[in-house]
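As structure tokens, the structure follows; a few thoughts come after it.
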Amino acid sequence: MELELTRVEYLQVGLTSGRTLRLLPGAGGKAQQRVVVGDDDGVVQVFFVKGGEPNFVFRTLPGQKVNRTELGGALGTVRDKIFVATGSEIKGFTKKGKMFLQFETNLAESIQSMHISGSNLMVCGNYVYNHYNDCRDTNYLLAGDKVNDVISLPVEKVKTLIPIIACADRSLKVIKDSEVLYTAELPGPPTTMQLFYNDGGESGEQILYGTEDGKVGMMTLGKSGPDAGWVMEKDGSYAGVQCLDNFDITGDGVRDLIVARHDGNIEVYSYDDGEEAEPTLKMTHNCSESVTSIEGGVVSQQGYEEIVASTYTGKIFGLSSVPSGSASAGTKKVTSETQMRMAKLRNEIDELQQLVNKERERYQAQAVSTIGGMSAIPKININDKMTLNQTDASYILSMECQTAIDNILLHSDVPVDLLDIEKNSAVVSYSACKPEEGNFLLATYRCQANTTRLEIKIRTIEGQYGTLTAYVTPRLQPKCCQVQTYKVRPLSLHMRSHHLDRKRPQNILSLNGQFTMSEIHSWISFCLPEVSEKVPAGDTANLSFISTFLDTVLTCTYSKGSGVFKSDNISTISILKDFLTKEATKKKIQLDISCEVNDESVIDTLNLIHPKLESQLLLAKQVALIEPLKDLAAHEPDTEFLSPEYKHILENWTQLEGQFKRQPARLERLYGMITDLYIDHNKFKGNNVKNKVPQLLEILDKYELVALLDFFKEDNSS
């Protein structure tokens with residue numbers, strides 16, 4: 001049976017940050033609960049729903065932006081105290097609105113994440129973790145990478161406080177006092193954590209996590225070390241996970257997993273095969289803007305469960321299990337009192353509309369006045385994210401505005417490809433560019449009415465680096481646009497990895513010179529994605545990467561005055577060498593560079609490319625045959641005489657065309673990589689082989705792996 005939930009609108013608040021909405025515990029059973037929400041205007045408000053309308057318990061005055069809202073209380077009691085993080089300060093409110101705590105943490109950074117367990121308060125900035133007990137500074141840790149979330153295992157079950165921080169280097173760090181006890185490696189950069197079943201499971205050691213690239217997983221963090229559980233990746237969805245919750249929305253007595261994503265998807269999963277197995281998707285609802293908070297409870301009507309969510313633009317709504325024909329779903333009989341109220345609201349709207357029109361006319365008259373008028377550009381908040389999608393080695397650029405977007409103009413000073421996204425309804429048009437003047441892309445996305453969020457898929461070329469610029473124009477008067485810039489890095493298609501195949505033949509680049517640790521780290525953070533801007537604390541840093549396009553590996557070991565880079569792809573080493581040399585020359589730093597080339601690594605890389613190239617050639621061949629076969633099928637009623645291969649093409653032509661359309665220029669990209677591999681390999685040996693490139697392209701046109709390997713081996717021997 002499919003789960004059916006009805007959307008119920010509650011409230012519009014200011015812009016909201018992640019995890020700023022919570023449900024206060026009810027009186028028990030399926031009693032109605034109150035909702036607490038904090039927004040970017042600094043307003044904290046608590047409301048309950050009566051007769052389909054929100055009734056406010058209290059509302060604070062505007063102030064500093066609310067970055068996080070948590071509930072707390074003494075261990076073993078009801079968690080009904082409200083704690084909000086604003087700047088570096090923590091404020092505590094009772095459920096009736098009385099402020100009982102105003103605690104200045106004195107952190108140098110704004111608090112980005114927070115967790116409360118009894119009298120223990122754990123807060124994190126971007127890199128700093130602080131633990132306070134009864135508002136006394138107890139423990140402190142400076143993390144090596146950006147901290148995205150903090151949580152602790154339930155003290156009632158594990159009998160001691162065990163904080164966990166989620167770091168952008170694809171890891172969870174388990175903390176004891178002021179030190180990292182151990183690190184648990186993850187398949188993606190974690191963005192949020194939640195206790196499994198909201199209580200850590202039977203042992204209290206189970207954690208759910210969501211990643212920036214859309215994965216959801218479970219992990220057991222025991223005393224001896226981590227134990228990885230199931231990992232779930234939704235097919236075709238790469239939107240980052242914003243928040244998680246566990247709540248029995250299906251009514252089967254077992255709590256379901258609720259996932260909220262950056263693209264506006266709210267998903268409900270059930271543990272049909274037990275809690276140790278990957279859960280099953282039961283329902284998806286898209287609210288067309290990113291969801292910042294989510295929690296299951298009873299809000300609109302007693303006895304009916306629902307999912308309450310807040311969005312980036314401040315919409316508070318519920319997905320309720322109230323049947324669609326009942327009172328709370330909006331089809332109740334309209335009473336005379338309600339009719340009067342509706343008429344009054346309509347009058348208010350008309351008055352406001354007239355006032356807006358009057359002010360707009362006055363403003364426009366001032367703007368064209370000969371005396372000189374005043375034109376104020378409104379401040380626009382844009383929630384943007386550029387995420388590497390490892391499945392097809394592309395970037396997803398998502399941009400969300402607090403008001404409707406009119407158009408977005410994209411400009412790039414390096415070659416990039418724009419790929420199709422099915423859910424993107426904007427109309428794209430390309431303008432002619434002059435690459436010799438540094439203009440490689442000029443594209444305009446015209447959005448439909450009321451579009452506040454847009455996703456764009458981009459594929460970059462490694463070795464080509466520069467800036468991608470987006471000019472976002474909202475539907476506002478006066479016309480204005482906001483400029484957002486994004487770095488396209490030299491090795492943009494690499495991602496951090498913990499598990500590498502170190503047995504592969506490696507090419508080694510070594511460099512020495514009069515550079516500091518911060519200088520070489522800044523070069524590497526510019527060159528590669530997922531590297532923290534913060535300089536590592538130790539004398540030596542070790543980073544590992546894997547290519548999302550070719551699956552080749554790269555390891556970087558560097559310290560003050562020296563750096564060693566190893567990769568099985570000679571082109572990666574060539575790009576690094578050129579970039580580091582250029583950066584050192586800018587700072588007038590002399591480098592002593594040596595390179596050890598392993599001929600076997602080139603053959604190994606060609607063998608890695610082979611299955612990708614073979615499948616792409618087969619796909620291109622199948623797509624080329626679609627039209628002739630469709631013509632044949634139109635004139636021949638019986639197509640049984642066709643070979644199984646041709647029958648497969650006829651039966652699956654829509655999927656084949658869709659797959660080919662999603663991967664434009666992929667074949668040319670693979671040809672380019674093989675050509676670069678050939679040129680770079682010979683460049684390190686001091687050979688100029690550009691005159692042999694046409695011969696290589698002929699071999700690629702009639703592609704056979706043996707012929708290609710013979711061509712490279714013949715070159716190695718000469």
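As the structure is a prediction and not an experimental result, all values here were calculated from the model.
Sorted by first and then second residue, the ring pair (Phe, Tyr, Trp, His ring centres under 6.0 Å) pairs with a member in residues 523-552 read F515-W523, F526-F579; sequence neighbours excluded.
Legend: residues meeting side chain to side chain donor-acceptor pair (under 3.5 Å) with N126, ordered by chain and number and at least two apart, are absent. With sequence neighbours excluded, the residues that form a side chain to side chain donor-acceptor pair (under 3.5 Å) with T557 are N542. Annotation: side chain to side chain donor-acceptor pair (under 3.5 Å) contacts of D149 (sequence neighbours excluded): R19, R68. The side chain to side chain donor-acceptor pair (under 3.5 Å) search around N67 returns none, not counting sequence neighbours. Residues that satisfy the side-chain contact (heavy atoms from CB on, under 4.5 Å) test with T191, not counting sequence neighbours, are E212, V241.
When ring centroids are compared, Y197 and Y271 stay outside the 6.0 Å threshold.
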Before you tell me yes or no, could you show the steps for K612 and D551 under salt bridge (charged side-chain N to carboxylate O under 4.0 Å, His left out), namely the whole-Å CA-CA distance, both residues' side-chain angles and the distance that decides it to 0.1 Å?
CA-CA 11 Å; K612 294 176 174 60; D551 297 328; 3.4 Å; yes
With side chain to side chain donor-acceptor pair (under 3.5 Å) as the criterion, how do D680 and S571 come out once you've worked through the C-alpha distance, each side chain's angles and the decisive distance to 0.1 Å?
CA-CA 6 Å; D680 291 334; S571 293; 3.0 Å; yes
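In terms of heavy-atom proximity, P226 sits nearest to T183 at CG-O, 4.2 Å. Contact record, D256 with S270: OD1-OG, 2.8 Å, taken as the closest heavy-atom pair. For S171 against P190, the heavy-atom pair with the smallest separation is O-CG, 3.7 Å.
Judged by distance alone, the side chains of N569 and T605 never bring a donor and an acceptor atom under 3.5 Å apart. There is no side-chain donor-acceptor pair under 3.5 Å between S567 and N507. Side-chain contact, S310 with T292: a donor N or O sits under 3.5 Å from an acceptor N or O. For the 3.5 Å distance criterion, the side chains of E462 and H494 qualify, holding a donor opposite an acceptor. Judged purely by distance below 3.5 Å, without hydrogens or angles, the side chains of E289 and T313 pair a donor atom with an acceptor atom.
To the nearest 0.5 Å, atoms CG (L15) and OG1 (T311) are separated by 9.0 Å. One finds the CD atom of E295 at 8.0 Å from the CD atom of Q194 (value rounded to the nearest 0.5 Å). Interatomic distance, OG of S547 versus CG of L493, reported as 6.5 Å (0.5 Å rounding). The distance from the CG atom of L397 to the CE atom of M386 is 6.0 Å, given to the nearest 0.5 Å. Considering NE2 of H498 and CG of D169, their distance stands at 6.0 Å, rounded to 0.5 Å. Between the SG atom in C527 and the CD1 atom in I575 there is a gap of 8.0 Å [rounded to 0.5 Å].
In this structure, the side chains of L5 and I249 come closer than 4.5 Å at one or more pairs of heavy atoms. For the pair E267/V216, no side-chain contact is recorded, criterion being any heavy-atom separation below 4.5 Å from C-beta on. Inter-residue side-chain proximity for L608 and L550 is flagged as unmet; no heavy-atom pair is nearer than 4.5 Å. With contacts defined as side-chain heavy-atom distances shorter than 4.5 Å, the pair V147/Q112 does not qualify.
A salt bridge does not link K457 to E455: none of the charged nitrogens lies less than 4.0 Å from a carboxylate oxygen.
Tested against Y312, the residues T452, N383, V291 include a single side-chain contact (heavy atoms from CB on, under 4.5 Å) partner, N383.
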